[in-house]
Structure formats: C-alpha cells, structure tokens
Enquirer: 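Please see the structure below; I have some questions.
From a predicted model like this one, the values you see are computed outputs, not experimental measurements.
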Amino acid sequence: GKSQGLEFEATYTVADGVTLSGGYALSDSKFKTATDGTIRGFPTFARNQDVSGEPLPRRSKHMIVAALDVQQPLFGDWEWYGRADLRYQSKQNSFSSSRLTQVPARTIVNLRAGLIYGNVDFQIYANNVFDYKKPILGGVLVQFPWLFPPLAFVTIVVEVLAPLALLHRRLGRLWVL
C-alpha cells in the first residue's frame with residue numbers, strides 16, 4: 001500500500017490552568033497494486049480480487065481531535081479538574097474494498113472530572129457521552145437481510161464438514177478451494 005498525509009497539532013493556554021488543544025490529520029492511503037484472496041466469494045471480485053486503488057482498511061481520510069482541560073485550586077491542598085474531548089473520524093473501509101463495507105463517519109465525546117489531594121486523585125468520567133451506536137461493521141450486509149439465512153447455512157456446512165478434509169488428501173485439496 002501507499003500512504004501519505006499531513007498532521008497538525010496545537011495547544012493554547014487560555015489562562016492559568018485552562019488549556020485548549022486540538023489536532024487534524026489528513027491521510028491518503030491506498031493499495032497500489034493488490035489483490036485480496038479473502039474476498040473471492042463476493043460477486044464483485046469473483047474474477048480477480050483486485051483492490052488496486054482502494055483505500056486501505058480502517059484508515060480515515062480525516063481525523064479531528066479537540067480537548068479543553070481545566071485544573072484549578074479548590075480550597076487548601078485540594079484542586080479540581082475537568083476535561084472534555086472530542087474525536088471525529090471520517091468514514092473508513094472495514095475490509096480491503098469500499099465496495100464491501102464501510103464504517104460510517106463518527107464523532108465521540110468524552111468527559112472527565114475529578115479532585116486532587118496530594119498524590120490522591122478522585123475522578124469520574126463518561127466515555128461516549130452521546131451514546132454513539134452506529135454499527136462499525138457489516139454496513140453493506142445489513143442492507144440485505146435475505147442473505148443471512150443462506151450465509152448461516154453455508155457456515156454450518158463448512159464447520160460440520162471441515163474435519164472430513166483431515167481424512168484424505170483429496171478431500172483436503174477440495175476443501176481448500
């Protein structure tokens with residue numbers, strides 16, 4: 001594969017104990033010349049499994065991160081702090097081809113707050129505050145529910161008959177196909 005990109009990161013102190021940070025990444029990553037034998041069962045790739053020019057799997061083209069950190073004295077030796085962070089990722093391929101499945105773009109927000117006393121840190125946090133639940137796999141298959149029964153049947157046949165490949169060399173060769 002070929003991958004090139006650009007990354008930018010910045011931190012700014014707004015006031016004592018208040019920091020704003022963020023970053024952006026642009027990634028252009030694609031298969032140069034490639035085939036993927038694991039996808040030969042899909043009609044689109046039945047002949048040659050060619051994925052040349054497809055984006056690499058699990059790579060977002062755009063990623064944005066931002067965070068706000070606050071840490072201030074409370075009273076005596078006690079301090080309080082809070083953090084909010086956001087992460088955005090553009091869509092990405094689940095497998096080696098965008099013609100199979102894609103993970104949709106997503107934005108995740110996390111929050112954290114706490115108290116510090118000396119070396120002791122009490123904190124509470126919430127990840128994925130807005131409960132983002134879009135599926136991250138199976139984006140295309142879910143659109144074709146009629147495929148599930150035949151796929152389940154084929155899976156059962158493969159699992160039940162697989163040990164037969166151990167009995168004889170010819171059966172083993174047939175099973176590899």
Side-chain angles (χ1 to χ4, degrees), residues 1-31 34 36 38-39 41-42 44-45 51 53-75 77-149 151-152 155 159:
K2 177 184 173 188
S3 186
Q4 58 188 15
L6 161 71
E7 225 174 287
F8 155 75
E9 191 176 308
T11 302
Y12 178 69
T13 302
V14 178
D16 280 346
V18 180
T19 306
L20 185 61
S21 57
Y24 171 77
L26 170 67
S27 175
D28 183 20
S29 55
K30 295 181 179 171
F31 288 106
D36 183 352
T38 64
I39 60 174
F42 293 90
T44 309
F45 299 97
V51 293
E54 292 282 345
L56 294 176
R58 296 174 296 283
R59 303 282 193 283
S60 294
K61 185 170 183 108
H62 304 279
M63 188 165 150
I64 299 169
V65 293
L68 174 65
D69 286 290
V70 178
Q71 184 169 341
Q72 299 289 321
L74 191 57
F75 57 85
D77 290 337
W78 288 84
E79 291 185 352
W80 72 273
Y81 65 91
R83 176 181 172 94
D85 59 70
L86 172 140
R87 184 182 76 235
Y88 166 80
Q89 289 179 278
S90 62
K91 70 181 179 185
Q92 52 185 254
N93 292 348
S94 299
F95 297 105
S96 56
S97 172
S98 60
R99 292 177 274 171
L100 294 176
T101 61
Q102 289 187 340
V103 176
R106 61 184 175 212
T107 303
I108 304 290
V109 175
N110 303 315
L111 299 175
R112 181 175 308 265
L115 297 170
I116 299 173
Y117 180 75
N119 290 334
V120 180
D121 185 347
F122 304 95
Q123 64 177 295
I124 186 168
Y125 62 91
N127 289 332
N128 194 11
V129 174
F130 299 110
D131 203 21
Y132 180 88
K133 287 186 179 178
K134 284 189 182 174
I136 56 174
L137 281 177
V140 170
L141 291 177
V142 172
Q143 298 172 18
F144 305 100
W146 57 269
L147 281 174
F148 287 102
L151 287 174
T155 300
E159 291 295 327

Enquirer: Would you name the heavy atoms of A105 and Y88 that are closest together and state the gap between them?
Expert: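 Minimum heavy-atom contact is CB-OH, 3.8 Å.
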Enquirer: Taking the side chain as every heavy atom from C-beta outward, state whether F8 and L26 have any pair of such atoms under 4.5 Å apart.
Expert: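 The answer is no, as the side chains (C-beta and beyond) never meet within the 4.5 Å cut-off.
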Enquirer: Return the CD to CG distance between Q72 and D16, rounded to the nearest 0.5 Å.
Expert: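 One finds 7.5 Å between CD of Q72 and CG of D16.
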Enquirer: Within a reach of under 6.0 Å around CG of L6, are more than 12 heavy atoms found that belong to other residues, nucleotides or ligands?
Expert: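 Counting neighbours around CG of L6, more than 12 heavy atoms of other residues, nucleotides or ligands fall under 6.0 Å, so yes.
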Enquirer: Among residues at least two apart in sequence or on other chains, which ones pass side chain to side chain contact (heavy atoms under 4.5 Å, CB included) with Q89?
Expert: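 Side chain to side chain contact (heavy atoms under 4.5 Å, CB included) list for Q89, sorted by chain: S60, M63, R87, Q92, R106.
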Enquirer: Looking at residues at least two apart in the chain, or sitting in another chain, which of them share a side chain to side chain donor-acceptor pair (under 3.5 Å) with N110?
Expert: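 N110 satisfies side chain to side chain donor-acceptor pair (under 3.5 Å) with D85 once adjacent residues are dropped.
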Enquirer: How far apart are the closest heavy atoms of T11 and S21, and which atoms are they?
Expert: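 The pair with the smallest heavy-atom distance is OG1-CB, 3.8 Å.
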Enquirer: Not counting sequence neighbours, which residues clear side chain to side chain donor-acceptor pair (under 3.5 Å) with N128? List them please.
Expert: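 So N128 forms no side chain to side chain donor-acceptor pair (under 3.5 Å) with any residue.
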Enquirer: Nearest 0.5 Å, what's the CZ-OH distance between F122 and Y81?
Expert: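 Going from CZ on F122 over to OH on Y81, the span is 10.5 Å.
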Enquirer: Partners of Y125 by ring pair (Phe, Tyr, Trp, His ring centres under 6.0 Å), sequence neighbours excluded?
Expert: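 Y125 satisfies ring pair (Phe, Tyr, Trp, His ring centres under 6.0 Å) with no other residue.
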Enquirer: Drop me the distance from L68's CG to Y12's OH, to the nearest 0.5 angstrom.
Expert: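 If we round to the nearest 0.5 Å, L68:CG and Y12:OH are 13.0 Å apart.
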Enquirer: Run the side chain to side chain donor-acceptor pair (under 3.5 Å) test against Q71 and tell me which residues pass, sequence neighbours left out.
Expert: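 Checked Q71 against side chain to side chain donor-acceptor pair (under 3.5 Å); matches are E79.
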Enquirer: Go through the structure and list residues passing side chain to side chain contact (heavy atoms under 4.5 Å, CB included) with L86, not counting sequence neighbours.
Expert: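 Expected list: T107, V109.
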